[in-house]
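We name chains A, B, ... by the order of the sequence lines, and we start the count at 1 in each one. Hydrogens, waters and symmetry mates play no part in the numbers below; they use all other heavy atoms, side chains included. Just so it is clear, the structure is predicted and the values come from calculations on it, not from any experiment.
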2 protein chains.
Amino acid sequence: MRAVRDALDLLGGKWKLPIIVGLVHGPKRFKQLQREVAGITAKMLSKELKELEVNGLVTRYVQADAAPVAVTYALAEHGTTLYPVIEALQGWGQQHRRFIMHAPAVALAEPVLVA
Amino acid sequence: MRAVRDALDLLGGKWKLPIIVGLVHGPKRFKQLQREVAGITAKMLSKELKELEVNGLVTRYVQADAAPVAVTYALAEHGTTLYPVIEALQGWGQQHRRFIMHAPAVALAEPVLVA
DNA sequence: GATAGCGGTTTACCAAAGTATACCGGTTTG
DNA sequence: CAAACCGGTATACTTTGGTAAACCGCTATC
């Protein structure tokens, strides 16, 4: 159970997974990533990237020579171990969506009386 | 991506998964469940169970004849489809814990300079 | 010389999530 | 008759997550 909570703490929230998915197709720069992850503010992106970084999921590359300093973010190798988790969540999400469509919404909320 | 968010919305938060895990080994009554899910308040348990119920993951059985009314909660069939998801999260959580143990905490926060 | 882009930080604010505590009517147990 | 258990609800509060907008130094472009 603790492992499950660890995972959820790391991936929970509105933005962590969208950011990771945004990095799947190769490294991106900050603004580039912000455009990709629609709706996120710079503050959020900055904060979330920091958390992903200290957890080893994302690596931050700083090109110090250039001016202005160029910063690039990439999925770390450890980050790629998330693929199966993302797939599991996605698969279940789709399945659940289908389930909810077909289920009579009323029945779900109705109390089941037992003799 | 939408499916992933759907799943996360449903399973996110501090209590949803602990409650579901608490119901895996058979149906439980309200107080019984509250004791099992250590630390949860009655208000939270009540609210979370409602949400799980309208999503078809948990079924609520009311024994109306008895007095006082007895209420039992059980994992619905659709709830059991979560097992693979829980396993994936748990597996990754363990793996990540091991990873963090071995990784020098400093290195993770350190900026990577590029020539 | 103004404008726009870069990679953010700062401040202020708001809403959702979660906690703490007390309370309810009814019932069994001591 | 008191205490404890049942299945919750009500009220009030704090904490966390997230939004909005302005601002920073620096640089390349028009």
| request: For B/Val62 and A/Val112, run side-chain contact (heavy atoms from CB on, under 4.5 Å): C-alpha distance rounded to whole Å, both residues' side-chain angles, the deciding distance at 0.1 Å, then the answer. | output: CA-CA 6 Å; B/Val62 179; A/Val112 178; over 6 Å; no
What I'd like to find out is whether the side chain of [X] reaches to under 4.5 Å of the side chain of [Y], using heavy atoms alone.
{"X": "A/Lys47", "Y": "A/Met44", "result": "yes"}
{"X": "A/Leu82", "Y": "A/Leu75", "result": "no"}
{"X": "B/Ile20", "Y": "B/Ile86", "result": "yes"}
{"X": "B/Lys16", "Y": "B/Leu52", "result": "yes"}

| said: Using only atom types and a distance under 3.5 Å, with no angle test, would you say the side chain of A/Lys28 pairs donor to acceptor with the backbone of A/Gly22? | reply: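 Yes, the answer is positive, given that a donor and an acceptor are paired below the 3.5 Å cut-off.
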| message | Closer than 3.5 angstrom, by distance alone: can the side chain of A/Gln32 be matched with the main-chain N or O of A/Arg29 as a donor-acceptor pair? | response |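 Yes, A/Gln32 side chain to A/Arg29 backbone: donor-acceptor pair under 3.5 Å.
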| task | Please report the closest heavy-atom contact between B/Val37 and B/Ile19, naming both atoms and the distance. | result |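 Taking every non-hydrogen atom into account, CG2-CA, 4.0 Å.
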| Taking all atoms of both residues into account, what is the closest heavy-atom pair of B/Gly13 and A/Leu8, and its distance? |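 Shortest heavy-atom separation between B/Gly13 and A/Leu8 comes out as O-CD2, 4.4 Å.
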| message | Applying a 4.0 Å non-hydrogen cut-off, can you work out what B/Lys47 is touching in the nucleic acid: base, sugar-phosphate, or nothing? | response |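 Nothing, no nucleic acid heavy atom in range.
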Please write out each protein N/O paired with an N/O of nucleotides 26-30 of chain C under 3.5 Å, distance rounded to 0.1 Å.
none

| query | Considering only heavy atoms, which members of residues 9-18 of chain B lie under 4.0 Å from some atom of DNA chain D? | reply |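 Contacts with DNA chain D under 4.0 Å: none.
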| field | Where at least one partner belongs to residues 5-59 of chain B, residue pairs that pass ring pair (Phe, Tyr, Trp, His ring centres under 6.0 Å), sequence neighbours excluded | value |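 Checked against ring pair (Phe, Tyr, Trp, His ring centres under 6.0 Å) - neighbours excluded - no pair reaches residues 5-59 of chain B.
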| For A/Glu87, all residues meeting salt bridge (Lys or Arg N to Asp or Glu O under 4.0 Å), sequence neighbours excluded |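 Expected list: none.
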| query | If only side-chain N and O atoms of A/Lys50 are considered, is one of them under 4.0 Å from the OP1 or OP2 phosphate oxygen of C/dT9? | reply |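 Indeed, a polar side-chain atom of A/Lys50 lies that close.
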| query | Is there a residue in residues 20-44 of chain A whose heavy atoms reach under 4.0 Å of DNA chain C, and which residues are they? | reply |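 Contacting residues: A/Arg29, A/Phe30, A/Lys31, A/Arg35, A/Ala42, A/Lys43.
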| Separation of C/dT19 P from B/Leu45 CG (nearest whole Å) |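 The distance from CG of B/Leu45 to P of C/dT19 comes to 12 Å, rounded to the nearest Å.
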| said: Expressed as a whole number of angstroms, how long is the span from A/Tyr61:OH to C/dG7:P? | reply: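 To the nearest whole Å, that distance equals 16 Å.
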| field | Heavy-atom contact window of chain B on DNA chain D, given 5' to 3' at under 4.0 Å | value |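 The contact span of chain B on DNA chain D goes from D/dC6 to D/dA12.
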| message | A/Arg2 vs A/Asp6, test: salt bridge (charged side-chain N to carboxylate O under 4.0 Å, His left out). Steps then yes/no. | response | CA-CA 6 Å; A/Arg2 186 178 44 199; A/Asp6 284 0; 5.3 Å; no
| task | Go through the steps for B/Asn55 and A/His96 under the test side-chain contact (heavy atoms from CB on, under 4.5 Å), then give the verdict. | result | CA-CA 9 Å; B/Asn55 280 298; A/His96 177 69; 3.6 Å; yes
